[in-house]
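Not measured: the values here are computed from a predicted model.
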Amino acid sequence: MKYFIIKFSKYLLVVITIYALLFKVSNYLLKTKYSNIFSGFVIDKYKNITDKNIENRLIIMGGSNTIFSIDSQLLEKELKIKVINSGFVFNTGYQFQLNFLKNHARKGDFIIYIPEFNYYSGKGQFGANFINNAFLTEPKLISSLGSVNTLNFFRSGFKSMLNPVFSFIKDESIPSEIKRRDFNKYGDLTYHLDKKNKLEKVRSYPIIEKVKISTAFIDNINSLDLILKKKEIRFYITFPVYSKKFITKNAISTLDSLTNTNSKFIGHIKENIFEDTMFFDSPYHALKKTREIYTRNLIKTLKNVI
């Protein structure tokens with residue numbers, strides 16, 4: 001038994017050493033040679049939110065709906081407050097998004113959370129492959145991962161670590177249509193603003209027939225709100241822009257009813273439903289004109305509480 005324990009311990013030490021070395025090499029490549037691929041934007045998100053020189057900020061959080069569909073410069077100009085778009089993508093999971101806010105928001109901040117609809121039902125709590133790439137690119141995000149995402153990285157992150165190493169060995173680029181440089185200084189994505197609608201050509205999106213409001217999701221929201229209140233941080237939730245073709249009146253009614261039952265919810269989704277021709281490649285990804293309309297509606301909503 002003693003011999004087995006010693007042998008297993010040596011094996012475990014070798015595995016951990018290899019894993020740590022591979023992690024370090026992959027991280028170095030992603031921050032240097034491959035820093036301009038899409039997932040590289042998490043470096044800037046972390047840098048912006050941890051900048052100690054900025055106080056009393058308006059922090060935006062959500063999935064790709066926030067990075068594609070908000071004009072932070074316009075928000076800042078109209079609301080007279082420094083805006084930081086800390087939005088990520090749906091596949092980071094809402095636990096990571098809420099942890100990110102909890103860990104990095106400071107006294108005097110104003111937070112507007114714009115979750116995508118699947119989060120309301122409790123789906124997407126934990127991240128998918130993107131969260132592995134995000135952590136590998138910016139290891140300081142570990143404080144926001146949570147135990148499940150961290151464990152999942154050690155289970156499935158090996159492939160993510162190998163990708164930049166193999167690309168480097170083959171002297172190949174890592175495919176990435178959208179680049180880190182396609183984000184502006186606020187954290188908004190600008191890649192699609194001069195593009196045409198291609199929603200029908202990308203993939204088929206399911207119609208949201210109804211929205212189930214998960215008790216677990218609301219409890220997570222309320223728990224975060226209690227923590228933020230102690231830090232003197234104001235926290236509100238509003239709705240994303242969306243394509244009219246992919247959501248029913250019943251779902252819209254359910255979501256808008258939240259503003260009457262929960263004081264944390266502000267605004268109305270019915271004001272931000274537009275024709276599918278006004279979107280880029282997803283019902284959440286507004287084209288330039290739609291982005292402006294949605295942002296101006298958001299300004300009207302925020303003026304009532306900010």
Side-chain angles (χ1 to χ4, degrees), residues 42 45 49 59-70 85-105 111-132 134-135 141 144-150 152 187 189 203 205-228 235-243 246-248 250-270 272-273 279 282-286 294 298 301:
V42 302
K45 297 287 180 175
I49 199 72
I59 300 173
I60 302 166
M61 175 56 78
S64 62
N65 60 300
T66 54
I67 62 175
F68 273 86
S69 302
I70 291 177
N85 188 338
S86 289
F88 287 91
V89 296
F90 177 83
N91 284 333
T92 53
Y94 75 75
Q95 184 189 79
F96 169 82
Q97 294 172 8
L98 298 183
N99 284 344
F100 191 82
L101 294 172
K102 178 179 68 176
N103 292 335
H104 302 300
I111 296 172
I112 186 71
Y113 186 39
I114 315 177
E116 296 184 7
F117 300 135
N118 278 347
Y119 286 165
Y120 284 94
S121 64
K123 297 178 181 178
Q125 181 177 2
F126 306 112
N129 186 55
F130 185 87
I131 198 70
N132 292 336
F135 173 46
L141 292 175
S144 300
L145 288 187
S147 57
V148 174
N149 283 329
T150 302
N152 286 341
L189 184 62
R203 65 183 177 90
Y205 287 90
I207 296 174
I208 300 175
E209 300 284 353
K210 58 183 179 178
V211 176
K212 178 184 177 183
I213 310 299
S214 164
T215 301
F217 177 67
I218 298 299
D219 286 346
N220 285 329
I221 291 293
N222 290 335
S223 295
L224 175 63
D225 186 40
L226 289 174
I227 293 171
L228 296 177
F235 174 68
Y236 288 92
I237 307 160
T238 194
F239 308 105
V241 65
Y242 207 68
S243 171
F246 297 95
I247 189 168
T248 64
N250 178 54
I252 293 171
S253 177
T254 299
L255 289 164
D256 273 344
S257 69
L258 287 170
T259 59
N260 299 321
T261 59
N262 191 319
S263 61
K264 289 290 101 184
F265 287 84
I266 58 175
H268 298 281
I269 186 175
K270 62 186 178 183
N272 298 302
I273 300 296
F279 292 83
S282 160
Y284 286 112
H285 298 170
Y294 176 63
L298 189 57
T301 297

Next on the checklist: Go through it in stages, so that I can follow the logic: the residues are N220 and Y119, the test is side-chain contact (heavy atoms from CB on, under 4.5 Å), and I'd like the CA-CA distance, side-chain angles, deciding distance and then a yes or no.
Outcome noted: CA-CA 11 Å; N220 285 329; Y119 286 165; over 6 Å; no
Can you tell me how far apart [atom1] ([X]) and [atom2] ([Y]) are? Round to the nearest 0.5 Å.
{"X": "N132", "Y": "T92", "atom1": "CG", "atom2": "OG1", "answer": "12.0 Å"}
{"X": "L228", "Y": "L98", "atom1": "CG", "atom2": "CG", "answer": "9.0 Å"}
{"X": "L145", "Y": "I131", "atom1": "CG", "atom2": "CD1", "answer": "5.5 Å"}
{"X": "I252", "Y": "I247", "atom1": "CD1", "atom2": "CD1", "answer": "5.0 Å"}
{"X": "Y242", "Y": "H285", "atom1": "OH", "atom2": "NE2", "answer": "10.0 Å"}
{"X": "S86", "Y": "I112", "atom1": "OG", "atom2": "CD1", "answer": "13.0 Å"}

Checklist entry - With respect to I114, which candidate in T238, I237, V241 satisfies the side chain to side chain contact (heavy atoms under 4.5 Å, CB included) definition? => result T238
Compute the ring centroids of [X] and [Y], then answer whether they are less than 6.0 Å apart.
{"X": "F90", "Y": "Y284", "result": "no"}
{"X": "Y113", "Y": "Y236", "result": "no"}
{"X": "F100", "Y": "F88", "result": "yes"}
{"X": "F279", "Y": "F68", "result": "no"}

Checklist entry - Are L141 and F96 side-chain neighbours, meaning at least one heavy-atom pair lies under 4.5 Å? => result yes
How close do [X] and [Y] get, counting heavy atoms only, and between which atoms?
{"X": "D256", "Y": "T259", "result": "O-OG1, 2.7 Å"}
{"X": "P240", "Y": "I269", "result": "O-CG1, 4.0 Å"}
{"X": "T248", "Y": "E209", "result": "OG1-O, 2.6 Å"}
{"X": "G187", "Y": "I67", "result": "O-CG2, 4.0 Å"}
{"X": "G122", "Y": "S214", "result": "N-CB, 3.5 Å"}

I'd like to know if the side chain of [X] and the backbone of [Y] have a donor-acceptor N/O pair within less than 3.5 Å.
{"X": "Q125", "Y": "F217", "value": "no"}
{"X": "K45", "Y": "N85", "value": "yes"}
{"X": "S243", "Y": "P283", "value": "no"}
{"X": "S69", "Y": "T66", "value": "no"}
{"X": "N103", "Y": "N99", "value": "yes"}
{"X": "N250", "Y": "K210", "value": "no"}
{"X": "N149", "Y": "G127", "value": "yes"}

Item to check | Worked verdict on F246 versus I208 for side-chain contact (heavy atoms from CB on, under 4.5 Å) | outcome: CA-CA 6 Å; F246 297 95; I208 300 175; 5.9 Å; no
Next on the checklist: For K264, is the NZ atom crowded, meaning more than 12 foreign heavy atoms sit under 6.0 Å from it?
Outcome noted: yes
Checklist entry - Are N272 and F239 close enough, and set up right, to give a side-chain contact (heavy atoms from CB on, under 4.5 Å), and what steps lead you there? => result CA-CA 8 Å; N272 298 302; F239 308 105; 5.8 Å; no
Item to check | Trace of the side-chain contact (heavy atoms from CB on, under 4.5 Å) decision for L255 with F265 | outcome: CA-CA 10 Å; L255 289 164; F265 287 84; over 6 Å; no
